[in-house]
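One structure below.
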Amino acid sequence: MILTYMRERLSWILLFVSLQLLALLIGYLDSSLPFRAVTYYVFLSLIIFSVFLVLRFQKETRFYKRLEERDNDLDLTTIPEAESPLESVIETSIREQLERLKKEAAHHHDLLQEEKDDLLGWIHEVKTPMTAMKLMIEGIEDYPLRSRLTYEWMRIHLLLDQQLHRKRIPFIENDLYIEETELEPLLFSEIKTLRSWCMQKGIGFDLELDQKSVLTDAKWLSFIIRQLLSNAIKYSTSSDITVTSGRKSGRSFVTIIDQGRGIAAQDIPRIFEKGFTSTTDHYNEAASGMGLYLVDRIRRPLNIELDVQSQPGLGSTFTLWFPEPNTFTKIRNSPELPRV
């Protein structure tokens, strides 16, 4: 701040120094003026000007220091009060801009909330004919036809579910309910939903659940498991998917292992990016690049770590590491959960 202030007042300082040099020049050239008296005057002037500069620095930079220290938010109460006419101009301008930004932000928030409510309402309305369609499909006696229709119905169901959770993510902190969640019924429910797809691709499941439950939100964990299982099924054929659970170093984990095509090493750091599919398979129309992106968005507020290991042609391993109970309790009780 000192260097900034000196640069701001450099023209004044140069003017003062020039006047003192001029006085010394006049005292030197004019023999009628005692040169010693002139130098004494210049010395006193320098002392007075230095004291004046220090006092003005403290007064003039107080307002700007408070501006620099405030958070970059829309809170008008954190704007420091002006102490000079020029500071008043700055303060007024900042307040007017912040008030306009707050109104625009509130307006856009209302529009987004309205759009979200409309979409969620539409999704819930679509679920009614989807349920009726499911009952009609189950009544079809032609097994091959019923199998194909069930598969297409499941794809629509998963897309609607993905969109529903995608719109709920910004408000996930308001929707969390942390409890001991039993893994076996949760996994069985998700596998049952994907059963027709698995039968079509000849995929089976092998469950080895040493850890029976984890501390998390059951609904959001179900969505994470659903996306990981869907990914494993999508890129596997005629193989088994292994789901294990256990406890290591005081932390519970769930691992999903598939024998699919695997992920290229250069793609692993990017698989959680929105819209990213693959650098090796650009023509896979089934990939949307949204599943793992949503998984990454959701696991953060749940304080779940996700580890990925994969080799092309040998399959992939996704491991969910759940927080220790005491650690999660601290995070859950924190007044500020991380926003997404």
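Note that the structure is a prediction, hence the values are computed from the model and not measured. All residue numbers refer to positions in the sequence shown, counting from 1. All heavy atoms count here, side chains included; hydrogens, waters and symmetry mates do not.
- Looking at Trp153, its side chain does come within 3.5 Å of a backbone N or O of Met130 through a donor-acceptor pair.
- Ser93 places no side-chain N or O within donor-acceptor distance of the main-chain N or O of Val89, the cut-off being under 3.5 Å.
- Residues Asp217 and Glu179 are not in side-chain contact: their nearest non-hydrogen atoms beyond the backbone lie 4.5 Å or more apart.
- In this structure the side chain of Arg226 reaches within 4.5 angstrom of the side chain of Leu158, judged on heavy atoms.
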Open item on the list: One pair to check against side chain to side chain contact (heavy atoms under 4.5 Å, CB included): Leu302 and Leu176. What are the steps and the verdict?
Closed with: CA-CA 8 Å; Leu302 294 174; Leu176 289 180; 3.5 Å; yes
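- Between the side chain of Arg299 and the backbone N or O of Ile304, at least one donor-acceptor pair lies under 3.5 Å.
- Note: Ile191 CD1 to Leu207 CG = 5.0 Å, rounded to the nearest 0.5 Å.
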Open item on the list: Checking Met154 against Leu194 for the side chain to side chain contact (heavy atoms under 4.5 Å, CB included) test, could you report, in this order, the C-alpha distance in whole Å, the side-chain angles of both residues, the deciding distance, and whether it holds?
Closed with: CA-CA 7 Å; Met154 183 209 63; Leu194 302 168; 4.0 Å; yes
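- When side chains are defined from C-beta on, Ser245 does not count as touching Phe253, because their heavy atoms never get closer than 4.5 Å.
- Of the charged side-chain nitrogens involved, at least one lies within less than 4.0 Å of a carboxylate oxygen, so that Arg100 and Glu104 count as a salt-bridged pair.
- Here the closest non-hydrogen pair linking Leu209 and Val243 is CD2-O, 4.1 Å.
- Between Ser45 and Tyr41 there is a side-chain heavy-atom pair separated by less than 4.5 Å.
- Lys201 places a side-chain N or O within donor-acceptor distance of the main-chain N or O of Ile233, the cut-off being under 3.5 Å.
- Looking at Asp142 and Arg146, no side-chain N of the basic residue comes within less than 4.0 Å of a carboxylate O on the acidic one, giving no salt bridge.
- There is a side-chain donor-acceptor pair under 3.5 Å between Ser316 and Ser310.
- Between the side chain of Lys212 and the backbone N or O of Glu184, no donor-acceptor pair lies under 3.5 Å.
- Here the straight-line distance linking atom OG of Ser252 with atom CG of Leu320 works out to 11.5 Å at 0.5 Å rounding.
- Ring orientation note: the planes of His165 and Trp220 are nearly perpendicular, at an angle over 60° on the 30°/60° scale.
- Contact of the Phe318 side chain with the Ile271 side chain is registered, since non-hydrogen atoms from C-beta on lie closer than 4.5 Å.
- Ser50 places a side-chain N or O within donor-acceptor distance of the main-chain N or O of Leu46, the cut-off being under 3.5 Å.
- By the 4.0 Å N-to-carboxylate-O rule, Arg251 lies close enough to Glu305 to be salt-bridged with it.
- Taking the six-membered ring for Trp and the full ring otherwise, the centers of Tyr293 and Phe272 sit at least 6.0 Å from each other.
- We find that Arg155 and Glu152 are joined by a salt bridge, their nearest charged nitrogen and carboxylate oxygen being less than 4.0 Å apart.
- Checked by atom type and distance alone, the side chain of Arg270 never pairs as donor or acceptor with a backbone atom of Glu273 at under 3.5 Å.
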Open item on the list: Pair Glu180, Ser213 - check side-chain hydrogen bond (donor to acceptor under 3.5 Å, both in side chains), show working.
Closed with: CA-CA 6 Å; Glu180 284 291 336; Ser213 64; 3.0 Å; yes
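- With hydrogens and angles disregarded, no donor-acceptor distance shorter than 3.5 Å links the side chain of Ser189 to the backbone of Pro185.
- Note that the OG1 atom of Thr150 and the CD1 atom of Ile137 stand 5.0 Å from one another [nearest 0.5 Å].
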TODO: With side-chain hydrogen bond (donor to acceptor under 3.5 Å, both in side chains) as the test, would you mind laying out the steps for Glu8 and Thr4 before giving the verdict?
DONE: CA-CA 6 Å; Glu8 176 69 21; Thr4 304; over 6 Å; no
